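I have placed the structure first, in the form of structure tokens, so that the comments after it can refer back to it.
As the structure is a computational prediction, the values presented were derived from the model and not from experiment.
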Amino acid sequence: MEYKSKDIARAAIMLAMSTREEEAILKENYKKTGIKSAAVDIGGDIIQSISKILERTMVASKRNGIVKDSHVYDGAITGATREAIAQVMDKAAGFNVGGKIGIARYREHLSICIFLTIGMFRLDDVVIGLGHRAIPIDED
């Protein structure tokens with residue numbers, strides 16, 4: 001089956017919204033279909049966490065074999081992550097957040113999703129951001 005960008009975006013969203021148990025099942029199912037994936041927990045003050053979010057996304061992408069160690073891939077990961085951060089920033093700025101980053105790749109499609117709960121008094125709000133990049137297809 002050939003996956004399109006929306007399919008890979010959906011995979012990243014599902015990973016970002018999953019529990020640890022669901023994440024393991026999703027990753028195994030994605031692996032069987034050729035989709036490379038990873039997820040990582042994040043939390044804290046959103047503004048102070050930007051560099052940590054970028055770093056964790058990069059490390060998880062490389063550790064899980066989603067991308068190789070190359071400036072081309074580093075730029076794509078950083079760009080897609082910054083796009084997702086920009087989408088959640090207005091709603092989350094100034095608040096403590098907790099959530100997860102979902103990363104999915106199939107051939108040239110790379111999607112990164114940030115799903116956060118925002119603690120406000122006794123109300124928990126949610127926000128989601130999604131970034132996508134087209135990257136070179138791996139030869140292996």
Side-chain angles (χ1 to χ4, degrees):
M1 174 165 183
E2 236 3 76
Y3 294 105
K4 301 200 181 301
S5 57
K6 72 174 188 172
D7 301 311
I8 303 313
R10 182 180 300 119
I13 292 167
M14 294 299 291
L15 283 164
M17 295 177 62
S18 68
T19 64
R20 279 287 166 208
E21 294 77 24
E22 293 166 339
E23 175 191 327
I25 295 167
L26 285 169
K27 286 174 63 174
E28 187 60 35
N29 289 338
Y30 292 150
K31 185 177 181 179
K32 290 176 186 175
T33 63
I35 297 172
K36 299 175 182 180
S37 63
V40 61
D41 293 325
I42 55 173
D45 179 276
I46 188 69
I47 295 181
Q48 295 176 358
S49 298
I50 291 173
S51 61
K52 190 173 285 190
I53 291 169
L54 291 166
E55 179 184 348
R56 285 186 179 181
T57 306
M58 186 73 66
V59 168
S61 297
K62 290 179 182 179
R63 266 196 196 143
N64 288 276
I66 296 171
V67 296
K68 296 177 183 175
D69 190 17
S70 161
H71 72 281
V72 173
Y73 296 121
D74 290 354
I77 293 286
T78 301
T81 305
R82 287 178 57 90
E83 175 65 25
I85 291 169
Q87 293 174 19
V88 301
M89 191 56 71
D90 282 347
K91 203 169 185 182
F95 294 102
N96 279 325
V97 299
K100 202 170 189 180
I101 302 166
I103 309 160
R105 177 185 181 185
Y106 179 78
R107 300 177 53 87
E108 73 270 19
H109 302 292
L110 171 71
S111 287
I112 296 177
C113 178
I114 298 176
F115 180 79
L116 300 172
T117 58
I118 305 166
M120 293 186 290
F121 311 110
R122 291 188 330 201
L123 305 171
D124 278 336
D125 204 354
V126 295
V127 65
I128 191 169
L130 181 68
H132 176 270
R133 292 293 184 271
I135 57 177
I137 298 173
D138 286 337
E139 298 299 321
D140 45 81

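- Between K27 and L15, the closest heavy-atom pair is CG-CD2, 3.9 Å.
- Proximity of I66 to L110: side-chain heavy atoms (C-beta onward) are separated by under 4.5 Å at one or more points.
- Using a 4.5 Å heavy-atom cutoff, the side chains of I114 and I85 are in contact.
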Working note: H109 + I135, criterion side-chain contact (heavy atoms from CB on, under 4.5 Å); need CA distance, chi angles, decisive distance, verdict. CA-CA 7 Å; H109 302 292; I135 57 177; over 6 Å; no

Where do I50 and M89 land on the side-chain contact (heavy atoms from CB on, under 4.5 Å) test, with the steps shown first? CA-CA 10 Å; I50 291 173; M89 191 56 71; 3.5 Å; yes

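- With a 4.5 Å cut-off between side-chain heavy atoms of Ile, Leu, Val, Met, Phe, Trp and Tyr, the cluster of F115 takes in I13, M17, V126, I128, L130.
- Note: Y3 and Y106 have perpendicular aromatic rings, judged against thresholds of 30 and 60 degrees for the angle between ring planes.
- Remark: Y30 engages no residue in a ring pair (Phe, Tyr, Trp, His ring centres under 6.0 Å) (not counting sequence neighbours).
- If you chain together ILVMFWY residues whose side-chain heavy atoms come under 4.5 Å of each other, I25 ends up in a group of its own.
- When atom types are taken as modelled, the side chain of K62 and the backbone of D69 share no donor-acceptor pair closer than 3.5 angstrom.
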Start with the C-alpha gap between N64 and K36, add the side-chain angles, then the distance that decides, and say whether side-chain contact (heavy atoms from CB on, under 4.5 Å) holds. CA-CA 8 Å; N64 288 276; K36 299 175 182 180; over 6 Å; no

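- Side chains of K31 and S37: no donor on one and acceptor on the other come within 3.5 Å.
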List the steps, then state whether side-chain contact (heavy atoms from CB on, under 4.5 Å) holds for V67 with D74. CA-CA 8 Å; V67 296; D74 290 354; 5.6 Å; no

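- Qualifying salt bridge (Lys or Arg N to Asp or Glu O under 4.0 Å) partners for R20, counting only residues two or more places apart in sequence or in other chains: E23, D41.
- Within the 4.5 Å cutoff, the side chain of I46 has heavy atoms near those of the L116 side chain.
- In this structure Y73 satisfies the ring pair (Phe, Tyr, Trp, His ring centres under 6.0 Å) test with no other residue, sequence neighbours excluded.
- For the pair I42/R56, a side-chain contact is recorded, criterion being any heavy-atom separation below 4.5 Å from C-beta on.
- Evaluation of the side-chain hydrogen bond (donor to acceptor under 3.5 Å, both in side chains) rule for N96 yields no partner, not counting sequence neighbours.
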